[in-house]
Amino acid sequence: MTNTEGVAVLGLGAMGRALARTLLAAGHPTTVWNRTPERADDLVAAGAVRAATVTEAVAAHRLVLTCLLTDDTVTEVLAGVPLAGRILVNLTSGTPAEARALAAGYADAAYLDGGIMAVPAMIGGPHAFVLYSGPAEAYEAARPVLAALGEPRYLGTDPGLAALHDVALLSGMYGMLAGVLHALALVRSAALPTSDFAPLLRRFLTGMLAGVDRYAARVDAGEYGGDVGSSLAMQSAGWHHLTDTTAAQGLRPDLLAPIGELMRRRTAAGHGDEDLTGIIELLKDTT
Ligand code: FVH
């Protein structure tokens, strides 16, 4: 019999287990399935119902969460499983195109794509947030349960939007952490403890991050020049300080070099009066 309450969780890796644990702790009846069934043992001890098959798990609840390795795994696991009338929330990481293809493929169900912006230990805590996109009515119906996992952020009906924002946020993170690692490597190359340096780095980056909204406003306006304070020409002229010091310290510039090259090209093309945001124009050229 199909329950209108509770939730099925398919996939009990590091993240799926955190999701199921949190849902149980929040009092939601939870049915779990995993390819390797033993991974459900402690969840069953905590009150979850173990489903022997995917079909059994999906039949138990209207709300079905998937958190598997890839979207291909989702397709594989759900092959031939009746999904009519279900709200399928796919929390597996993927691309916007994969999300749209899954939504089209599961037309019998209401498909919501999700992007978890947290690591497993953060699930259910104050810093976790989860992006969702897909049909608004399905999101509204699922929201009371989804809210247990982390702050839900609904982005719109296009199922690809959650993956797009997920990738954008991860791009910001990796870009920033690339700089962090380069900075730590420089300090370590001078045989200095990076832990003494870390608070200074955090302070500097926190101040710089305050400019993100201003950058976004300039990008939206397509207006990169004017009273910029720190022109590209100025930054380009001083860029060799970074690369020369990197080389002198016996380090590779791999994490740092691409942005320097983009600043050089944008300045050489006559846009030295812009600020750093101007280099976004060069990303359009994929030839
Ligand atoms: N963990 C994290 O920090 C990130 C945070 C942001 C979102 N990601 C995404 O979440 C998806 C799952 O990640 P995970 O950390 O749970 O991954 P694993 O611990 O490696 O678990 C993988 C689960 O997928 C099952 N699985 C893999 N291949 C198959 C298959 N062919 N058929 C059926 N199930 C499969 C695996 O089962 P088992 O190995 O235990 O039998 C796990 O349940 C992922 O998209 C992240 O990018 C996590």
Side-chain angles (χ1 to χ4, degrees), residues 7-25 30-46 48-58 63-81 83 88-103 105-106 111-134 142 145-155 159-177:
V7 54
V9 179
L10 310 181
L12 300 175
M15 183 54 84
R17 289 165 53 71
L19 300 175
R21 252 194 316 270
T22 304
L23 291 163
L24 284 167
T30 303
T31 301
V32 292
W33 174 88
N34 196 56
R35 174 180 64 176
T36 309
E38 314 77 89
R39 295 190 89 174
D41 288 353
D42 60 335
L43 296 166
V44 171
V49 173
R50 188 197 319 260
T53 63
V54 177
T55 299
E56 187 182 309
V58 168
L63 181 58
V64 177
L65 307 191
T66 47
C67 190
L68 294 154
L69 194 57
T70 65
D71 281 341
D72 284 345
T73 320
V74 174
T75 304
E76 188 186 324
V77 162
L78 291 177
V81 174
L83 288 167
L88 175 59
V89 183
N90 181 23
L91 296 171
T92 306
S93 301
T95 67
E98 285 174 327
R100 291 182 191 118
L102 288 171
Y106 300 126
Y111 178 89
L112 288 169
D113 204 70
I116 301 175
M117 306 319 299
V119 295
M122 292 162 64
I123 295 299
H127 301 297
F129 65 99
V130 186
L131 311 170
Y132 297 98
S133 55
V145 177
L146 300 177
L149 306 175
E151 185 194 335
R153 292 281 181 105
Y154 178 68
L155 298 169
L161 286 174
L164 179 75
H165 285 72
D166 187 344
V167 168
L169 289 168
L170 290 177
S171 302
M173 179 192 79
Y174 281 118
M176 186 184 70
L177 292 182

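These numbers come from the heavy atoms of this one structure, side chains and all, not from hydrogens, waters or symmetry mates. Counting convention: from 1, in listed order, for ligands and their atoms alike.
- In this model, a donor atom of one side chain and an acceptor atom of the other lie less than 3.5 Å apart for Asn90 and Thr66.
- Nearest protein heavy-atom contact of atom 23 (C) of ligand 1 is Leu69 N, 4.0 Å.
- Inclusion of Trp33 in the set of residues having an N or O under 3.5 Å from an N or O of ligand 1 is not warranted.
- Taking every heavy atom of Ala118 and a limit of under 4.0 angstrom, the matching atoms of ligand 1 come to 5 (C), 6 (C).
- Close N/O approach between Leu68 and ligand 1 is found [any backbone or side-chain N/O within under 3.5 Å].
- Interface atoms of ligand 1 facing Thr92, defined by a heavy-atom separation under 4.0 Å, are 45 (O).
- The distance criterion of under 3.5 Å between nitrogen or oxygen atoms is not met by Thr73 with respect to ligand 1.
- In summary, the atoms of ligand 1 found under 4.0 Å from a heavy atom of Asn34, numbered by their order in the structure, are 37 (O), 38 (P), 40 (O), 41 (O), 42 (C), 43 (O).
- The protein atom (non-hydrogen) at minimum distance from atom 41 (O) of ligand 1 is Thr36 OG1, 2.4 Å.
- Between Arg153 and Glu151 a salt bridge is recorded (basic side-chain N to carboxylate O distance below 4.0 Å).
- Annotation: Ala14 places an N or O atom under 3.5 Å from an N or O atom of ligand 1; distance criterion only.
- Under a 4.0 Å criterion applied to the non-hydrogen atoms of Cys67, ligand 1 contributes the atoms 10 (O), 11 (C), 12 (C).
- The proximity of Glu76 to ligand 1, defined as any non-hydrogen pair under 4.0 Å, is limited to the side chain.
- Ligand-side atoms of ligand 1 in range of Ile116: 6 (C), range being under 4.0 angstrom from any heavy atom.
- Between Arg39 and ligand 1, a contact under 3.5 Å exists for at least one N or O pair.
- Remark: ligand 1 atoms within the under-4.0 Å shell around heavy atoms of Pro120 are 1 (N), 2 (C), 3 (O).
- Among protein heavy atoms, atom 13 (O) of ligand 1 sits closest to Met15 CB, 4.1 Å.
- If you number the atoms of ligand 1 from 1 as listed, the ones under 4.0 Å from a heavy atom of Gly11 come out as 43 (O).
- Partner of Arg50 under the side chain to side chain donor-acceptor pair (under 3.5 Å) criterion, chosen from Asp41, Asn34, Thr31: Asp41.
- Just one residue in the list Leu78, Leu91, Thr75, Val74 forms a side chain to side chain contact (heavy atoms under 4.5 Å, CB included) with Leu68, and that residue is Val74.
- A salt bridge links Asp42 and Arg17; the closest N-O separation between the charged side-chain nitrogens and carboxylate oxygens is under 4.0 Å.
- Set against the non-hydrogen atoms of Ser93, the atoms of ligand 1 under 4.0 Å away are 7 (C), 8 (N), 9 (C), 45 (O), 46 (C), 47 (O).
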